[in-house]
Amino acid sequence: MQEIIKTYLSETEFSRIDLRAVLIDMDGVLYDSMPYHASAWYEAIASLGIACTHEEFYMYEGRTGASTIDLLFNREYGRSATDEEKERIYQHKSELFAAKGTAHPMPGALDFLGRVKDTGLTPVLVTGSGQKSLLTKLNHDFPGIFTPETMVTAFDVKYGKPHPEPYLMGLQKAGVNPWQAIVVENAPLGVKAGTTAQIFTIAVNTGPLPDKVLLDAGANLLLPSMRTLASQFDTIYTQLKKQF
Ligand code: CA
């Protein structure tokens, strides 16, 4: 762990980590919703006759819907989708997703958020999701953790991940610098967004992708689950607090 921190500090040229805030992704981190998203995408795209795999949608996680559709159109037809096509396809995907029911909180997520709060750190949600009922749902599943002031959603940002904007905005909402926060992410593009914002990024591999994909995206630390993160959080916190 000390080696990992040294590498982060030398890459970012920061002198130390002074942890104040934890920037937390939602889908695949707080909710076990990625299997639903991946299936909905697969069904929406395959129904157009476009060749795709279920797994590839885990690679695109964090992208905006429009950019995912463009990527697939360019691969299949050699052109971008029109606005009308994007709207129609994304609408279809959203309907398929909604029909799958409510995603359950990720095992370990509630414990982890409790540890973050008990430690006196500020938790900030950073998601590309734009569901209007988001805060209500979060307050139900994770009571008293997030407020509108500590959430970055689709309504706040112009660029999706892997652009660092969502995490830079998360830092702003927490009122901290990159060396005063950590990111918790499950997707390669989300990890890229966190590390491009120069924030120490913990990847939790809650999906089907190989660990290598998350490490190649730049994850500073890789853990197998939110349960592991919850149980190791005190140790990680102590290590990060150590001064060099
Ligand atoms: Ca995610």
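Read the numbers this way: they start at 1 and go in the same order the structure lists the ligands and their atoms.
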Please tell me whether [X] and [Y] have a donor and an acceptor in their side chains that are separated by less than 3.5 angstrom.
{"X": "H37", "Y": "K93", "value": "yes"}
{"X": "E61", "Y": "N186", "value": "yes"}
{"X": "Y8", "Y": "E3", "value": "no"}
{"X": "Q91", "Y": "E95", "value": "yes"}

Which protein N, O or S atoms lie under 3.0 Å from the Ca ion (ligand 1)?
D25 OD2, D27 O, E61 OE2, N186 OD1
With sequence neighbours excluded, residues passing ring-ring contact (aromatic ring centres under 6.0 Å, His included) with Y237
none
Pair H104 and Y31, ring centroids less than 6.0 Å apart:
no
